[in-house]
2 protein chains.
Amino acid sequence: MLTSAEIATHVGTNPVVVRRVLGRLREAGLLISEKGHAGGWRLARSPEVITLADVYIALDESIVAAGSPDHNLSCSVENALHSRVAGILQQTEMALIEQLGKTTIADVHDD
Amino acid sequence: MLTSAEIATHVGTNPVVVRRVLGRLREAGLLISEKGHAGGWRLARSPEVITLADVYIALDESIVAAGSPDHNLSCSVENALHSRVAGILQQTEMALIEQLGKTTIADVHDD
DNA sequence: ACAAGCGTAACACAGTCAGTTGCGATACTC
DNA sequence: GAGTATCGCAACTGACTGTGTTACGCTTGT
């Protein structure tokens, strides 16, 4: 069980920033936070069953993202380009998630 | 042969912005710009042999990029995490480029 | 009651990017 | 040679974003 302040000190930032990020992981069910005296943060599940993909998805990063096609755009070339690129990006994102899914928190910790 | 002003009007932006972007494609050898009266922009090669990967690389996007590992960081877990993630991202980026390489400008144009 | 912790809102600050203006250099036309 | 159209580039602005910070309320254990 670690407090926001401890984590913040360790990574060189501010407790509020830590709570902002970890809060999203809590919403996703990856972490549990406890309030009050002796509160703090801990993993919601065993580190062996949390993958980097879980974290990536929880943070909703979508590094590889295609914005919506800006409907009603008159240029057919622009449309065609967007379709193709969007397809490729989606495919790439799935590949990324698949790769991230192969590494667990425990794997990283044991290196 | 199109001028920056024509292209800018078409995509709804400013000629200078167009020149900024297309200038990078020119540096990469994908486009040729001609100065003076009746100048403008044209493809440096046939659209059949320019791929989306060429454009992606020319623009140096690196959508999927891992910053340098911030050398000399004391936390071994952080190090291990960075190594693994960087590897996955690099692999993903290569896959993206490979996919982009399968589509040429001509392909997009003919849709 | 008090202290320690999270949750959240509000604000400041720096960085980034599109947009804009201005000006010089180049090349074509007359 | 004068005029005009174009690119090349630098400088400035404004919007947006992300981090950091402060402040305050709520929860929990001693």
Side-chain angles (χ1 to χ4, degrees), chain A residues 1-45 50 55-70 73-75 78 81-82 85 89, chain B residues 1-45 50 55-70 73 75 78 81-82 85 89 93:
Chain A
M1 179 73 79
L2 295 172
T3 69
S4 305
E6 288 166 345
I7 299 171
T9 300
H10 187 67
V11 300
T13 183
N14 193 285
V16 176
V17 177
V18 172
R19 288 200 279 262
R20 278 209 279 254
V21 177
L22 267 45
R24 307 183 64 179
L25 299 181
R26 178 186 32 132
E27 289 168 14
L30 267 49
L31 295 181
I32 290 177
S33 68
E34 289 180 3
K35 300 178 180 178
H37 200 125
W41 301 84
R42 60 187 171 83
L43 294 178
R45 294 183 257 144
I50 301 180
V55 177
Y56 177 82
I57 292 171
L59 295 181
D60 197 22
E61 286 291 343
S62 290
I63 288 182
V64 185
S68 58
D70 260 6
L73 77 183
S74 54
C75 176
E78 194 172 349
L81 177 61
H82 192 283
V85 172
L89 290 183
Chain B
M1 179 73 82
L2 295 172
T3 69
S4 304
E6 288 165 345
I7 298 172
T9 300
H10 187 69
V11 300
T13 184
N14 192 285
V16 177
V17 177
V18 172
R19 287 199 279 263
R20 278 211 277 254
V21 176
L22 298 192
R24 307 182 65 179
L25 299 182
R26 182 198 35 185
E27 290 169 13
L30 269 47
L31 295 181
I32 291 176
S33 68
E34 288 180 5
K35 300 178 179 178
H37 199 127
W41 300 85
R42 59 187 173 83
L43 295 178
R45 295 183 256 146
I50 301 180
V55 177
Y56 177 82
I57 293 171
L59 294 181
D60 196 22
E61 285 292 343
S62 288
I63 288 182
V64 185
S68 57
D70 259 7
L73 79 182
C75 176
E78 195 173 346
L81 176 61
H82 191 283
V85 172
L89 290 181
E93 174 121 7

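The chains referred to below are lettered A, B, ... by the order of the sequence lines, with proteins before strands, and numbering in each begins at 1.
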Ignoring hydrogens, what is the shortest heavy-atom contact between A:A58 and A:A28? Give both atom names and the distance. CB-CB, 3.3 Å

Tell me whether the OP1 or OP2 atom of D:dC7 has a side-chain N or O from B:S4 closer than 4.0 Å. yes

Tell me every residue that passes side-chain contact (heavy atoms from CB on, under 4.5 Å) with B:I7, counting only those two or more places apart in sequence or in another chain. B:L2, B:V18, B:L22, B:W41

Check A:P15 against A:A8 and note the closest heavy-atom contact, atom names and distance. N-CB, 3.4 Å

So, with a heavy-atom separation below 4.0 Å from DNA chain D, the residues of residues 21-32 of chain A are none

Contacts under 3.5 Å, N or O only, protein and nucleotides 13-15 of chain C:
none

A:M1 CE to D:dT28 C1', in whole Å, measures 12 Å

Give me the atom names and distance for the closest heavy-atom approach of A:M1 to A:G39. CG-O, 4.0 Å

Are any non-hydrogen side-chain atoms of A:R45 and A:L30 less than 4.5 angstrom apart? yes

Could you tell me the separation between the CG atom of B:D60 and the C1' atom of C:dC17, rounded to a whole number of Å? 16 Å

Only pairs at least two apart or in different chains count here, so list each side-chain hydrogen bond (donor to acceptor under 3.5 Å, both in side chains) that has a residue in residues 13-37 of chain A. A:E34-A:R42

side-chain contact (heavy atoms from CB on, under 4.5 Å) involving B:A44 - partner list, sequence neighbours excluded: B:I32

Per-nt protein contacts along nucleotides 20-30 of chain C (heavy atom under 4.0 Å; B base, S backbone sugar-phosphate only, - none) come out as BB----BBB--

Could you check how far CG of B:L2 sits from P of D:dT6, rounded to whole Å? 11 Å

